[in-house]
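Written below as structure tokens is the structure these notes are about.
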Amino acid sequence: MRLRLPLTIEDRTGYQRTSSRHWNTGANPSDGCNMRMEVLIAEAAQAPEVGPGRTLIGGLWRIYYDERDVPPARWRA
């Protein structure tokens, strides 16, 4: 038996990004990586390199739901 999720239009009524701090200084404020970067590094199948300007260069991420790889990208802090 396969369950299907209902599809609907996204509703962001009341959403304000400024209402919460999404990306803080991370676990180690001295390394220059925010929480977003730390999660990307931690969940990478192949770890990216932290380049100049706190960019993430390279790396590979695995999508577990459809078993595909996400190719390297350049991520800025």
Side-chain angles (χ1 to χ4, degrees):
M1 180 172 145
R2 263 191 139 158
L3 298 177
R4 294 187 182 263
L5 295 175
L7 297 178
T8 185
I9 303 293
E10 181 177 1
D11 180 10
R12 291 186 177 203
T13 303
Y15 172 79
Q16 292 181 346
R17 184 180 178 119
T18 57
S19 295
S20 59
R21 292 180 54 200
H22 289 278
W23 309 117
N24 63 24
T25 57
N28 180 2
S30 67
D31 70 1
C33 291
N34 61 26
M35 186 60 69
R36 176 179 171 266
M37 292 173 69
E38 288 179 358
V39 169
L40 286 169
I41 292 168
E43 297 201 353
Q46 291 178 355
E49 173 184 333
V50 179
R54 297 183 312 188
T55 56
L56 297 184
I57 303 166
L60 186 71
W61 290 267
R62 184 96 175 132
I63 300 173
Y64 299 102
Y65 302 107
D66 58 7
E67 297 185 1
R68 292 184 338 174
D69 291 331
V70 176
R74 204 174 155 125
W75 304 87
R76 195 170 267 302

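One is the number of the first residue; the rest follow in order along the sequence.
Here the side chains of Leu56 and Val50 are in contact, with some heavy-atom distance below 4.5 Å.
Annotation: the span from Asp69 atom CG to Gln46 atom CD amounts to 8.0 Å, rounded to 0.5 Å. In this structure, Met37 CE and Thr55 OG1 are separated by 7.0 Å, a value rounded to the nearest 0.5 Å.
The shortest heavy-atom contact between Gly58 and Pro48 is O-CB, 3.5 Å. Ile57 approaches Gly51 most closely through the heavy-atom pair CD1-CA, 3.9 Å.
Both Tyr65 and Trp61 belong to a single network of hydrophobic side chains, linked directly or stepwise wherever heavy atoms of I, L, V, M, F, W or Y lie under 4.5 Å apart. Hydrophobic cluster membership is shared by Leu40 and Ile63, with clusters built from Ile, Leu, Val, Met, Phe, Trp and Tyr side chains linked at under 4.5 angstrom.
Partners of Arg68 according to the side chain to side chain donor-acceptor pair (under 3.5 Å) rule, which considers only residues two or more places apart in sequence or in another chain, are Asp66. Glu10 pairs by the side chain to side chain donor-acceptor pair (under 3.5 Å) definition with Arg12, not counting sequence neighbours.
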